Asker: 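This is the structure I have questions about; it appears just below.
The structure displayed is predicted, hence computed values, not measured ones. Quick note: numbers below take in every heavy atom, side chains included, and nothing from hydrogens, waters or symmetry partners.
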Amino acid sequence: MELLLSLKNAIPLAIALLVALVLSLAIRRQWRRLDQALQTSQSVMLTILSVWAAAAVVLVLLFPGNTSSQANLHLLSAFRSAWNQWSLRELLQILLQFALFVPLGLLAALLGEPFWRLRWLLPASFSCTATLSCAKFLLERGNFILDDLLLNTLGTLVGFFVGRLLWAIWHREQLGPPVVRALVLPVCCLVALGGAFSVYYGSEVGNLSLAPSYRQSIGGVTLTLDTTLSEKGGTASVYRNSISTTARPGDTIASLLATELNLDLSSTVLQTGSQRQFTLSGEDERAYTFSISLRDGSWQFSSQEEGVSVSGSLDSVRWRWESWLTENQLLDGAAVYSLGENGSLRWDLEGPEDLATYQNDFTAGTLVITLTRGDIPADITSTMATYQYVRSAEILSPAEAYRLVEQGRFSREQDLQRGDQLTVTDCQLTYATDSKGYYQPIYTFSCTVNGEATEPISVPALK
């Protein structure tokens, strides 16, 4: 098994060397056909181009390390997914795919006139990125995403036009056309990005991650409705998680935990996507982590050690933590205490039964403390959150929401296949947190696929 893993990691390195070698030989052969001497600067460019090719292969094939691969042939789905998630991570992935092939276009432009033909450059760029994507898919290093080919090709074009501008500046040529060509694509991208930000921040509520990035293919799928759906719409309450209005989420909780557990809190805070992570340390220099979600306010303290089943009475431990949590407003006094099977302490607080008509602030969630034989717990996990009532909003009727399902406007972890039989058995109005911290209504359809219960289908309910 170790040998197989070693070979799997070595294959990308072998492909990198092969691609760099083939690319260098192909360009040198092209030069020999044109009977042009290879200048020193051009030799340097060729060397850098070979290094880039090897680095691109290693970056794409070696680092992701996924254990499975899927093919996404839906154009622009990566952009829609980034819009739905509205996270820095999604945006950076798009920018990295765009920037990955900028050096190819830039170096091709700087190599000289033989490589200024887009009918040579664009097929070369498309072939390189298609080969990398196919290799990544076959080696189970990631998904084959059609948008990657588009982003890499656009990156090549931007690099090429910037390289032509640099060439014109260096050789004191007319700068008008090169400047226009170099700026047109970046300006279009910036305008599109600015438009997306304007639309997002101009809307009151945020985006839902459950929204589909592409439509399901319903053709060939038998869709059956095994319940009655009303055509009557109405209104439902919209709430907002209090964490979304907090200036520095998690700072207060991390400080309270550090004081209570006699730990030192690092001033360095790591933010990745919608998570903020803090580092704490004890006298024995052991590291502890505290992380909090910026969207729903859930948080976790971890000592990186396994919990133990503590026997005997835990009343004193329970009252100590319950008093501290309640005093620091981390636990509502109405939460119901219970003892877990593994000796963990647990508090549950149910929200209102009918959120759609409640129209008041409320707190709900679960808090679990996994104990150790020492003073510092192995883990504290909290989903307790306070939701503030915002307003009532118009929603789709259940029948209107079902028509979205009929159109394939929903997302599933596994796409439906031709011949599947999808049966919708129930519809409930539930809630989900969006990218701005709003707790908004959604319709959740219980369903079966080919007679077996499967993941529910959810669609937004707000009009």
Asker: Indicate whether any N or O donor in one side chain lies under 3.5 Å from an N or O acceptor in the other, for Asp379 and Ser302.
Answerer: no
Asker: Measure across Gly297 and Ile243 and return the closest heavy-atom pair with its distance rounded to 0.1 Å.
Answerer: N-CG2, 3.5 Å
Asker: How far apart are the closest heavy atoms of Leu396 and Tyr443, and which atoms are they?
Answerer: O-OH, 2.6 Å
Asker: Is any side-chain heavy atom of Asp420 closer than 4.5 Å to one of Gln414?
Answerer: no
Asker: If you round to the nearest 0.5 Å, how far is CG of Asp348 from OG1 of Thr366?
Answerer: 4.0 Å
Asker: Under 3.5 Å, is there a donor-acceptor pair between the side chain of Ser198 and the main chain of Gly194?
Answerer: yes
Asker: Just by distance, do the side chain of Thr246 and the backbone of Pro249 share a donor-acceptor pair under 3.5 Å?
Answerer: no
Asker: Given side chains that start at C-beta, do those of Asp251 and Arg276 come closer than 4.5 Å, heavy atoms only?
Answerer: yes
Asker: Show the nearest heavy-atom pair for residues Asn84 and Pro212, with the distance to one decimal.
Answerer: ND2-O, 3.3 Å
Asker: Hey, can you tell me if Tyr337 and Trp347 have their rings parallel, tilted or perpendicular (30° and 60° cut-offs)?
Answerer: tilted
Asker: Hey, is the main chain of Thr224 close enough, under 3.5 Å, to the side chain of Thr423 for a donor-acceptor pair?
Answerer: no
Asker: Check the pair Leu73 / Phe144 against side-chain contact (heavy atoms from CB on, under 4.5 Å), numbers first and verdict last.
Answerer: CA-CA 8 Å; Leu73 303 180; Phe144 180 94; 3.6 Å; yes
Asker: Distance-only, no hydrogens or angles: does the Gln216 side chain make a donor-acceptor pair with backbone N or O of Leu416 under 3.5 Å?
Answerer: yes
Asker: I'd like to know if the side chain of Asn241 reaches the main chain of Tyr387, judged simply by a donor and an acceptor atom lying under 3.5 Å from each other, with no hydrogens or angles considered.
Answerer: no
Asker: Specify whether Trp324 and Trp321 have parallel, tilted or perpendicular ring planes, treating 30° as the upper limit for parallel and 60° as the lower limit for perpendicular.
Answerer: perpendicular
Asker: What's the spacing between Ser77 OG and Arg215 CZ if we round to 0.5 Å?
Answerer: 14.5 Å
Asker: Using a 6.0 Å cut-off, check whether atom CZ of Arg320 has over 12 heavy atoms from anything other than its own residue.
Answerer: yes
Asker: What's the spacing between Glu322 CD and Asp315 CG if we round to 0.5 Å?
Answerer: 10.5 Å
Asker: Could you tell me whether a side-chain N or O of Ser133 sits under 3.5 Å from a main-chain N or O of Thr129, the two making a donor and an acceptor?
Answerer: yes
Asker: Look only at the side chain of Ser237 and the backbone of Ala356, and say whether a donor-acceptor pair between them is shorter than 3.5 Å.
Answerer: yes
Asker: Measure from the side-chain N and O atoms of Asp147 to the backbone N and O of Leu76, and report whether any donor-acceptor pair falls under 3.5 Å.
Answerer: yes
Asker: Using side-chain contact (heavy atoms from CB on, under 4.5 Å), reason through Asn152 and Gln97 one step at a time and then give a plain yes or no.
Answerer: CA-CA 6 Å; Asn152 292 159; Gln97 284 294 339; 3.2 Å; yes
Asker: Is the closest side-chain heavy-atom distance between Leu122 and Leu157 below 4.5 Å?
Answerer: yes
Asker: For the CG atom of Leu265 and the OG atom of Ser281, what is their distance to the nearest 0.5 Å?
Answerer: 8.5 Å
Asker: What's the shortest heavy-atom distance between Ser458 and Leu210, and which atoms?
Answerer: O-CD1, 3.8 Å
Asker: State, to 0.1 Å, how close Cys447 and Pro456 come at their nearest heavy-atom pair, and which atoms those are.
Answerer: SG-CA, 4.3 Å
Asker: Check whether more than 12 heavy atoms from other residues, nucleotides or ligands sit under 6.0 Å from atom CD of Gln407, and answer yes or no.
Answerer: yes
Asker: State, yes or no, whether a side-chain contact exists between Leu355 and Pro441 at a heavy-atom distance under 4.5 Å.
Answerer: no
Asker: Checking Asn360 against Tyr389 for the side-chain contact (heavy atoms from CB on, under 4.5 Å) test, could you report, in this order, the C-alpha distance in whole Å, the side-chain angles of both residues, the deciding distance, and whether it holds?
Answerer: CA-CA 5 Å; Asn360 282 293; Tyr389 172 71; 5.5 Å; no
Asker: Mind checking whether Phe290 and Phe301 have ring centres under 6.0 Å apart?
Answerer: no
Asker: Quick check for you: to the nearest 0.5 Å, what is the distance between Gln93 atom CD and Ser87 atom OG?
Answerer: 7.5 Å
Asker: Looking at side-chain heavy atoms only, is the closest gap between Leu154 and Phe98 below 4.5 Å?
Answerer: yes
Asker: Would you say Leu257 and Tyr288 make side-chain contact, with heavy atoms under 4.5 Å?
Answerer: no
Asker: In terms of relative ring orientation, are Phe101 and Trp52 parallel, tilted or perpendicular, with 30° and 60° separating the classes?
Answerer: perpendicular
Asker: Which distance, rounded to the nearest 0.5 Å, do you find between the CG of Asn262 and the CG of Leu280?
Answerer: 11.5 Å
Asker: Would you say that more than 12 heavy atoms from the other residues, nucleotides or ligands in this model lie under 6.0 Å from the CD of Glu406, or not?
Answerer: yes
Asker: Please assess Thr370 against Ser344 for the test side chain to side chain donor-acceptor pair (under 3.5 Å), listing each intermediate value before the final yes or no.
Answerer: CA-CA 5 Å; Thr370 304; Ser344 60; 5.2 Å; no
Asker: Please check if the number of heavy atoms outside Glu353 that lie under 6.0 Å from its CD is greater than 12.
Answerer: no
Asker: Minimum heavy-atom separation for Thr425 and Thr227, please, with both atom names.
Answerer: O-CB, 3.5 Å
Asker: Testing the 3.5 Å rule here: is there a donor-acceptor pair between the side chains of Thr235 and Ser392?
Answerer: no
Asker: Looking at Ser298, is its backbone amide N or carbonyl O close enough to the side chain of Asp296 to form a donor-acceptor pair, meaning the two atoms are under 3.5 Å apart?
Answerer: yes
Asker: Should the heavy atoms of other residues, nucleotides or ligands under 6.0 Å from CG of Asp375 be counted, would the total exceed 12?
Answerer: no
Asker: Are more than 12 heavy atoms from other residues, nucleotides or ligands located less than 6.0 Å from atom CZ of Phe126?
Answerer: no
Asker: Decide yes or no on side-chain contact (heavy atoms from CB on, under 4.5 Å) for Ser217 and Asp415, but give the supporting numbers first.
Answerer: CA-CA 8 Å; Ser217 178; Asp415 290 346; over 6 Å; no
Asker: Is the distance between the ring centroids of Phe362 and Tyr239 less than 6.0 Å?
Answerer: yes
Asker: Taking the side chain from Gln329 and the backbone from Glu327, do they hold a donor-acceptor pair closer than 3.5 Å?
Answerer: no
Asker: Measuring only between side-chain heavy atoms, which start at C-beta, is Met384 closer than 4.5 Å to Asp332?
Answerer: no
Asker: So, applying side-chain hydrogen bond (donor to acceptor under 3.5 Å, both in side chains) with Asp434, which one of Gln440, Arg295, Arg240 is it?
Answerer: Gln440
Asker: Can you tell if the side chain of Ile369 reaches within under 4.5 Å of the side chain of Leu325, non-hydrogen atoms only?
Answerer: yes
